Amino acid sequence: MYPPKFGYVIPDSIDEVNEFLSEHEDAKALAGGHSLIPMLKLRILRPSYLVELKGLNELHYLVNEQKRIRIGALTTHYEILKSNLPLLSEAASTVADPQVRNMGTIGGVISHLDPSADYPASLIAMDATVKIKGVKGEREEPFKDFAKDMFSPDLNPGDLVKEIIVPDFSGYTYSYKKLERRAGDFAIVGVAVLMRKESGVIKDVRIGLTAVNNKAVRAYEAEKMLLDRSLDDKLLEEASTKAMEYANPTSDIRGSSEYKKKMTKVMTKRALLDAYKR
Ligand SMILES: Cc1cc2nc3c(=O)[nH]c(=O)nc-3n(C[C@H](O)[C@H](O)[C@H](O)COP(=O)(O)OP(=O)(O)OC[C@H]3O[C@@H](n4cnc5c(N)ncnc54)[C@H](O)[C@@H]3O)c2cc1C
């Protein structure tokens, strides 16, 4: 309940954050605080300083450009769910509860990289890109490479996630299906589907899975089975069985490995059917 003592820094610019974090490797950036503060309260972490990002407007925006959407790291779950973005807004609506959604940020989620977080299933399906700013300047990296492992983003000391870029999937149908024990909980299994159809024939499909591996994965072989086909019961069964093969879950308080694997198939079926019918 009581965090350990720490110093608190209120920077004026991103450059200042980069500099301070690179000089104090155990300092932590503070965004929405809804993963960091709980960890401090349990004393899992003991950073020397917290560096407050909240006042940095350069990290707080959502720009819908012609072919891509640029989302500043400080954009909250609530702002994303209100933005009507294909797939991502639906995923945002399932994150935690209203209070958490008012505070938590997309930059915080992907810097923290909880293996059960909701956005990664969508970000991997959308081929999202992450823009990172460090002391030596900016770089862009595909989200699939940025997410190296659970709780392991590709960030060097001093680096900040600046924005997340997703292609514009207007014209696609989509669905995010989250299995949870109760409203507000993390996912037991989460499946994100994006689909483009022409006269009932699937022309592009992307399936992202979360909570069933160390990091989110795409079920590429299942996607391939669906291409240039119309969805019927047999194909739905075959493709979701194939997607299940991409799940390698661990047993924990949310369920056994066997249960989660089977539920990956069930949730994939539901997400595919939902996206196909929309
Ligand atoms: C009760 C509860 C339920 C939740 N349920 C869910 C859920 O169902 N699904 C889900 O996905 N999440 C859930 N969460 C997590 C929530 O979404 C958090 O908001 C999110 O994981 C972290 O975002 P944040 O902005 O709060 O980051 P913070 O807690 O401020 O930071 C998290 C980590 O990221 C680092 N960081 C933050 N921003 C940046 C940046 N721009 N660049 C570099 N590093 C940065 C911090 O230093 C810290 O290490 C839940 C949280 C709570 C408290």
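Count residues from 1 along the sequence. Since the model is a prediction, treat every value here as computed from it, not as a measurement. Both ligands and their constituent atoms are indexed starting at 1 by order of listing.
Contact analysis leaves L45 out of contact with ligand 1, as no non-hydrogen atom separation drops below 4.0 angstrom. Taking a 4.0 Å cut-off on heavy atoms, D114 fails to register as neighbouring ligand 1. Assignment of H77 to the shell around ligand 1 is supported, since a heavy atom sits closer than 4.0 Å. Not close to ligand 1: M39, with no non-hydrogen atom less than 4.0 angstrom away.
The ligand atoms of ligand 1 that sit less than 4.0 angstrom from a heavy atom of T105 are 23 (O), 24 (P), 25 (O). Atoms of ligand 1 found under 4.0 Å from any heavy atom of L160, numbered from 1 in the order shown, are 40 (C), 42 (N), 43 (C). Residue G32 approaches ligand 1 through these ligand atoms, each under 4.0 Å from one of its heavy atoms: 24 (P), 25 (O), 26 (O), 27 (O), 30 (O). Under a 4.0 Å criterion applied to the non-hydrogen atoms of G184, ligand 1 contributes the atoms 3 (C), 5 (N). For ligand 1 and A73, the ligand atoms under 4.0 Å from any heavy atom of the residue are 41 (N). Taking a cut-off of under 4.0 Å to the non-hydrogen atoms of A29, the atoms of ligand 1 that pass are 46 (C), 47 (O). Counting the atoms of ligand 1 from 1 in the order shown, those under 4.0 Å from a heavy atom of K28 are 47 (O), 49 (O).
Around atom NZ of K54, no more than 12 heavy atoms belonging to other residues, nucleotides or ligands sit under 6.0 Å away.
Closest protein heavy atom to atom 20 (C) of ligand 1: S35 OG, 3.4 Å. Remark: minimum distance from atom 8 (O) of ligand 1 to any protein heavy atom is reached at K178 NZ, 2.9 Å. Of all protein heavy atoms, the one closest to atom 28 (P) of ligand 1 is G33 N, 3.4 Å. Scanning all protein heavy atoms for the shortest distance to atom 33 (C) of ligand 1 gives H112 CB, 3.9 Å. Among protein heavy atoms, the minimum distance from atom 12 (N) of ligand 1 is reached at F186 CE2, 3.3 Å. Considering only non-hydrogen protein atoms, atom 38 (N) of ligand 1 sits nearest to A31 CB, 3.4 Å.
Heavy atoms only, all atoms of each residue included: A187 and D118 are closest at CB-OD1, 4.1 Å.
Look at D228 and K203 and you find a salt bridge, because one of the NZ, NE, NH1 or NH2 atoms lies within 4.0 Å of a carboxylate O, short of that distance. Of the charged side-chain nitrogens involved, at least one lies within less than 4.0 Å of a carboxylate oxygen, so that K242 and E245 count as a salt-bridged pair. Comment: K82 does not engage E79 in a salt bridge, judged by the lack of any side-chain N to carboxylate O separation of less than 4.0 angstrom. A salt bridge is absent between K261 and E258; no separation between the charged side-chain nitrogens and carboxylate oxygens falls under 4.0 Å. Taking the charged nitrogens against the carboxylate oxygens, D204 and K197 have no contact shorter than 4.0 Å, which rules out a salt bridge. Contact check on E223 versus R206 returns no salt bridge, with no Lys/Arg side-chain nitrogen under 4.0 Å from an Asp/Glu carboxylate oxygen. Between D127 and K144 there is no salt bridge, since none of the side-chain N atoms of the basic residue sits less than 4.0 Å from a carboxylate O of the acidic one.
Within the structure, no pair that satisfies the side chain to side chain donor-acceptor pair (under 3.5 Å) test touches residues 92-106, not counting sequence neighbours.
In this structure, R46 forms no cation-pi arrangement with F6, as its terminal cationic atom is not both closer than 6.0 Å to the ring centre and no more than 45° off the ring axis. With a 6.0 Å cutoff to the six-membered ring centre and a 45° limit on the axis angle, K41 does not count as a cation-pi contact of Y2.
Considering backbone and side-chain N/O atoms, H34 comes within less than 3.5 Å of an N/O atom of ligand 1. For ligand 1, the polar-atom distance check finds an N/O of D118 within less than 3.5 Å of one of the ligand's N/O atoms. Polar contact with ligand 1: present for A96 (N/O pair, distance under 3.5 Å). The shortest N or O to N or O distance between L36 and ligand 1 is below 3.5 Å. Every N/O-N/O distance between G104 and ligand 1 stays at or above 3.5 Å.
With a 4.0 Å cut-off on non-hydrogen atoms, A117 touches ligand 1 through its backbone as well as its side chain. Counting heavy atoms under 4.0 Å from ligand 1, residue Q99 does not touch it at all.
No donor-acceptor distance shorter than 3.5 angstrom exists from the side chain of R139 to the backbone of K131, with no hydrogens or angles considered. At distances below 3.5 Å, at least one donor-acceptor pair connects side-chain atoms of T210 with backbone N or O atoms of P115.
If you check each of A121, A91, S111 against atom 44 (N) of ligand 1, the one with the closest non-hydrogen atom is S111. Nearest residue to atom 37 (C) of ligand 1 from S116, G190, G108 is G108 (criterion: closest heavy atom). Distances from atom 41 (N) of ligand 1 to the heavy atoms of V161, V100, D185 put V161 nearest.
The line from CG of D274 to CE of M267 is 10.5 Å long, rounded to the nearest 0.5 Å.
The ring of F169 has its center no closer than 6.0 angstrom to the ring center of Y174.
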